[in-house]
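Treat the numbers as computed from the prediction; the structure is a model and nothing was measured. Computed over heavy atoms, backbone and side chain alike; hydrogens, waters and symmetry mates excluded. Numbered from 1 within each chain, the chains take letters A, B, ... in sequence-line order.
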Amino acid sequence: MPEDTYKVGSFTFSSRLFVGTGKYATMDLMERCLEASGCEVVTVAVRRDVLDDSGKAKQDSILDHIDLKKITILPNTAGCFTAKDAVRSARLSRELLEGLDNPGARWVKLEVLADKKTLLPDTVGTLEATKQLVDEGLEVLAYTNDDPILAKKLKDAGATSVMPLGSPIGSGQGILNPGNISICLEYLKEGDPDYPVIVDAGVGTASDVAVAMELGADGVLLNTGIAGAKDALNMSVAMAKACEAGRLAYQAGRIPKKRYATASSPVDGVIAPGM
Amino acid sequence: MQVIINGKLEELQDGTTVALLLEGKGLTPARVAVEINEDLVLRKTFSDTAVSDGDRIEIVTLVGGG
């Protein structure tokens, strides 16, 4: 079987799982989970977390726990509640990754959130920040609602990829509206089948990843589903397998759903032909 | 002069550049990014960028997140 690679903007990957780096019990566990997931992309956040209480440099850094030669960093603008702050965050992360000589300097996962309780995207702000960052030359992966209309607007604004949510961040509710995700895929890939669509957020367990991939998503981004699992390491393996299984099933083509049964065994020649 | 660094008031010597500020705190320039009054300071200009009284400075790095 030829290698199943795909493109996101100027990047080419074979792993379709994007993994977040938050909330792991230890850095060592995170390293082992990232490795076991087979991911080629990890997402990180931008924070003030550089100084201790006395104003001096903190010693431990996540950068010591990620192989920057092998892994592409996808900086996110998580925690930004306005387009303006998200743009600032994206500029800072580009500068950081250029300093680290990581190709992740070319892109950003844009999150403009609306509300602390739901962490749902502010889609108006997301559209505004997408335009601004595309103008500044960044490849923008826009985190958004499972709204096909807005997804199309983000693509038209120049987003390199649209990332519709499965369900709210960290909620573990899975893919709440497969119908809408499916229409997002249809609209975004119309006449442009290679346009990358990555389902982001809400994954609770392996089957959620499989569902997204079976719908035809190019990839899935998740964090809490692994980091918060009782056994994070085994869950990262399960997520990787589900991602692969879902992708294969999508390529293989599922049978249509039917209202009634269709016999698998021959209908003729039964010993007691009945009704 | 007084500046605000990551939300905290600090006293700095006049003429401090971004490069000197980072050095004084033991920070590796390649591992941080800096904003002054919400404008990005390019790494290559750290040595030439002087900090002024009243500046609001952000020094950030990458952390775990999703």
Side-chain angles (χ1 to χ4, degrees), chain A residues 18-24 27 30 42-59 61-66 73 75-79 84-85 88-102 104 109 111 169-170 200-201 221-227, chain B:
Chain A
F18 289 32
V19 183
T21 53
K23 300 196 278 197
Y24 286 89
M27 284 287 161
M30 180 197 77
V42 304
T43 184
V44 300
V46 175
R47 289 292 181 273
R48 286 171 164 174
D49 192 33
V50 289
L51 302 170
D52 61 22
D53 290 341
S54 66
K56 291 287 174 189
K58 280 192 179 176
Q59 291 310 312
S61 162
I62 193 166
L63 299 170
D64 298 318
H65 301 276
I66 296 172
I73 303 272
N76 62 57
T77 64
K84 184 181 154 213
D85 288 346
R88 285 172 60 199
S89 178
R91 289 173 182 157
L92 286 162
S93 62
R94 168 154 67 182
E95 190 65 12
L96 267 160
L97 288 162
E98 275 175 1
L100 296 166
D101 208 19
N102 189 273
K109 175 169 92 107
E111 287 183 33
I169 294 171
D200 179 4
L221 189 150
L222 64 107
N223 183 352
T224 311
I226 292 178
Chain B
M1 64 177 161
Q2 286 191 325
V3 297
I4 295 173
I5 300 176
N6 289 357
K8 280 188 179 169
L9 194 66
E10 288 197 34
E11 193 75 38
L12 290 182
Q13 282 194 336
D14 285 352
T16 302
T17 61
V18 171
L20 287 171
L21 170 64
L22 296 179
E23 196 185 318
K25 292 189 173 297
L27 290 164
T28 310
R31 289 196 163 202
V32 298
V34 179
E35 259 187 354
I36 297 181
N37 302 326
E38 302 191 359
D39 286 326
L40 180 72
V41 181
L42 294 174
R43 190 180 321 280
K44 59 186 179 209
T45 66
F46 281 177
S47 309
D48 311 321
T49 306
V51 176
S52 308
D53 187 48
D55 277 351
R56 283 167 297 117
I57 302 167
E58 294 288 341
I59 308 174
V60 300
T61 191
L62 298 173
V63 301

Comparing Ile66(A), Leu100(A), Leu63(A), Asp200(A) against chain B, the one with the most heavy-atom pairs below 4.5 Å turns out to be Leu63(A)

Side chain to side chain contact (heavy atoms under 4.5 Å, CB included) between Gln2(B) and Asp53(B), worked out
CA-CA 5 Å; Gln2(B) 286 191 325; Asp53(B) 187 48; 4.0 Å; yes

Heavy-atom pairs under 4.5 Å with chain B, option from Arg47(A), Arg94(A), Lys58(A) with the top count:
Arg47(A)

Non-hydrogen contacts under 4.5 angstrom with chain A: give the residues of residues 39-49 of chain B involved, or none if there are none.
Leu40(B), Val41(B), Leu42(B), Arg43(B)

Could you check whether atom NZ of Lys84(A) has more than 12 heavy atoms from other residues, nucleotides or ligands sitting under 6.0 Å from it?
no

I'd like to check Asn223(A) versus Phe18(A) (side-chain heavy atoms, cut-off strictly below 4.5 Å). Are they in contact?
no

Crowded around Glu10(B) CD? As in, over 12 foreign heavy atoms under 6.0 Å?
yes

Chain A contact via Glu38(B) - which portion, at a heavy-atom distance below 4.5 Å:
both

Would you please test Thr77(A) and Val46(A) for side chain to side chain contact (heavy atoms under 4.5 Å, CB included) and show each step?
CA-CA 7 Å; Thr77(A) 64; Val46(A) 175; over 6 Å; no

Minimal heavy-atom distance between Met1(B) and Gln13(B), with the atoms involved, is CE-O, 3.3 Å

So, the part of Leu97(A) with a heavy atom under 4.5 Å from chain B: the answer is side chain

For the residue pair Ile36(B) and Val18(B), what are the closest heavy atoms and their distance?
CD1-CG2, 3.9 Å

Would you compute the distance between atom CD of Glu58(B) and atom CD1 of Ile4(B) and round it to the nearest 0.5 angstrom?
10.0 Å

Interface moiety of Leu51(A) toward chain B, non-hydrogen atoms closer than 4.5 Å:
side chain

Option that, when pairs with chain B are counted at under 4.5 Å, heavy atom only, ranks first among Ile62(A), Thr43(A), Leu96(A), Val50(A):
Leu96(A)

Turns out that what part of Lys23(A) lies under 4.5 Å from chain B's heavy atoms comes down to neither

Got a salt bridge between Lys109(A) and Glu111(A), using NZ or NE/NH1/NH2 to carboxylate O under 4.0 Å?
yes

Verify side chain to side chain contact (heavy atoms under 4.5 Å, CB included) between Val60(B) and Glu35(B), making sure each step is shown before the conclusion.
CA-CA 9 Å; Val60(B) 300; Glu35(B) 259 187 354; over 6 Å; no

When heavy-atom pairs shorter than 4.5 Å are enumerated against chain A, which of Leu27(B), Val32(B), Ile5(B), Leu62(B) gives the highest number?
Leu62(B)

Among Thr224(A), Asp64(A), Asp101(A), which residue has the highest count of heavy-atom pairs closer than 4.5 Å to chain B?
Asp64(A)

For chain B, the option from Ser93(A), Gly99(A), Ala45(A) that forms the most heavy-atom pairs under 4.5 Å:
Ala45(A)

Take Leu22(B) and Val34(B), measure what side chain to side chain contact (heavy atoms under 4.5 Å, CB included) needs, and give me the verdict at the end.
CA-CA 10 Å; Leu22(B) 296 179; Val34(B) 179; 4.3 Å; yes

